[in-house]
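Report on one structure; see the data block that follows.
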There are 2 protein chains.
Amino acid sequence: MALSRAAITGAGLEILDTYGLGDLSMRRVADTLGVQAGALYYHVPNKQSLLAALADEVLDAVDVPEAGLPLEEWLVAWASALRAALLARRDGAELVASSLALGLGGIDPTVPAVDRLAEAGVAMPGPTARALLHLVLGQAVTEQTQSQMHALGVLTSFDARRAEQDFACGVGIFVDGVSSRAPVAR
Amino acid sequence: MALSRAAITGAGLEILDTYGLGDLSMRRVADTLGVQAGALYYHVPNKQSLLAALADEVLDAVDVPEAGLPLEEWLVAWASALRAALLARRDGAELVASSLALGLGGIDPTVPAVDRLAEAGVAMPGPTARALLHLVLGQAVTEQTQSQMHALGVLTSFDARRAEQDFACGVGIFVDGVSSRAPVAR
DNA sequence: ACCTGAACACCGTTCAAGT
DNA sequence: ACCTGAACACCGTTCAAGT
């Protein structure tokens, strides 16, 4: 079977799940595919574009809530779906965070939220959606990193409940803030 | 002058400002100090602890608002001070973000905010402060990365006003949410 | 067109040996 | 105690040469 962009992405995902982002090297991807490292560059311009493709894969798995839900519930559901997708893959949150910061990746995860906010008549839907994204992303990165360090025995105590509480609290406050500014009374 | 932890941290800050986080290597720090790379390990256990020390330096520069301010104003002022400190140094936001995620670093930037929130009687001051931290941090990382990519000519358009608007909007909404839950009416 | 082999210019970290 | 010199086990990326 010939090498291809899809095969490289697939091997990347496999390595990501098995060894984590820190051990995902171009050389290891090449090894997995039984090929020399240089061969990858015939299909992929560089490592960052590979990482962007992997981040897109994570973001593709976000289960966007149905449009019928009331704004507050929709926002909480969207934040939960985003968080779930980020946590579903090893180092998913960190991968997406760096890919988004660099502006790479073909998927803008805020699009559905911007639409829903605009539909509800909320002012500044873009900045609002981006703020909620950053809140969820930052929390997920911290949670995932600490949970992995706990698994490695580096960190002695990791409280999954606290992480969930942090998430619920942060999103709840933010959504309340959106509500207090929304043109429609609840 | 003999090598020391302080000298290493100083050289690290210099390299950070001049070349950025991506080019901050132990070997370069050693070169700057006119010493072999291995010598650093007599004073610093590893690279991550050096990065944590640099992150502490960034967080030390946060100008905590005076306690007399009303809660809402205090939170906005704190978020602004945090953002200013992160943006003051090259790659400051990314440095602090990764250091915080790893749980390294001697400084917990949320401490003043937790105190102020607790004093105001807000429920769950810890999760609330952490949520606001993540919001500010995520926005700052994105802003700093994009501004640097713009300076390098990689990104054609970078709107500093949009970044500021994103920040003001996100923090504003969040603080409104805190307000709507606070026990004291405004 | 697609891949190999080999190189270039780096990394973080360790450690015997010197002073 | 503190540093050098040299090594170990890696990196991302490039590119002539082969098929």
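Here the structure is a predicted model, which means the values were calculated and not measured.
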With rounding to the closest Å, how many angstrom separate the P atoms on D/dA9 and C/dA9?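 It works out to 23 Å between them.
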
Under 3.5 Å for both donor-acceptor distances, Watson-Crick or wobble: does D/dC10 have a partner, and if so which one?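 Across all strands, not a single nucleotide pairs with D/dC10.
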
Nucleotide forming a Watson-Crick or wobble pair with D/dA16, both distances under 3.5 Å: C/dT4

Is there a donor-acceptor pair closer than 3.5 Å between any side-chain N or O of A/His134 and the backbone N or O of A/Arg130? yes

On DNA chain D, more 5' by nearest nucleotide between A/Ala39 and A/Arg28 is A/Arg28

Mapping A/Ser25 and B/Gln36 onto DNA chain D by nearest heavy atom, which one lands closer to the 5' end? B/Gln36

Atom [atom1] of [X] and atom [atom2] of [N]: how far apart are they, to the nearest Å?
| X | N | atom1 | atom2 | answer |
| --- | --- | --- | --- | --- |
| A/Tyr41 | D/dA16 | OH | C1' | 18 Å |
| A/Asn46 | D/dT14 | CG | P | 8 Å |
| A/Leu51 | D/dC11 | CG | P | 14 Å |
| B/Leu21 | C/dC11 | CG | P | 13 Å |
| B/Asp31 | C/dA9 | CG | C1' | 14 Å |
| A/Ile8 | C/dC2 | CD1 | P | 12 Å |
| A/Leu50 | D/dC11 | CG | C1' | 15 Å |
| A/Leu24 | D/dG12 | CG | C1' | 13 Å |

Below 4.0 Å: OP1/OP2 of C/dC3 and any side-chain N or O of A/Tyr42: no

To the nearest 0.5 Å, what is the distance between CG on A/Leu33 and CD1 on A/Ile8?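 Rounded to the nearest 0.5 Å, the CG-CD1 separation comes out at 6.5 Å.
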
Return yes when atom CD of B/Gln165 has more than 12 non-hydrogen atoms of other residues, nucleotides or ligands closer than 6.0 Å, and no otherwise. yes

If you draw a 6.0 Å radius around CZ in B/Arg162, do more than 12 non-hydrogen atoms from other residues or ligands fall strictly inside? no

Quick one: which of [options] gets closest to the side chain of [X]?
| X | options | answer |
| --- | --- | --- |
| A/Met26 | C/dT4, C/dT13, D/dT13 | D/dT13 |
| A/Val35 | C/dT4, D/dT14, D/dA7 | C/dT4 |
| B/His43 | D/dT14, C/dG12, D/dC3 | D/dC3 |
| A/Arg27 | C/dC11, D/dG5, D/dC11 | D/dC11 |

Kindly indicate, with the supporting measurements, whether the criterion side-chain contact (heavy atoms from CB on, under 4.5 Å) is fulfilled by B/Val44 and B/Leu40. CA-CA 6 Å; B/Val44 157; B/Leu40 300 179; 5.5 Å; no

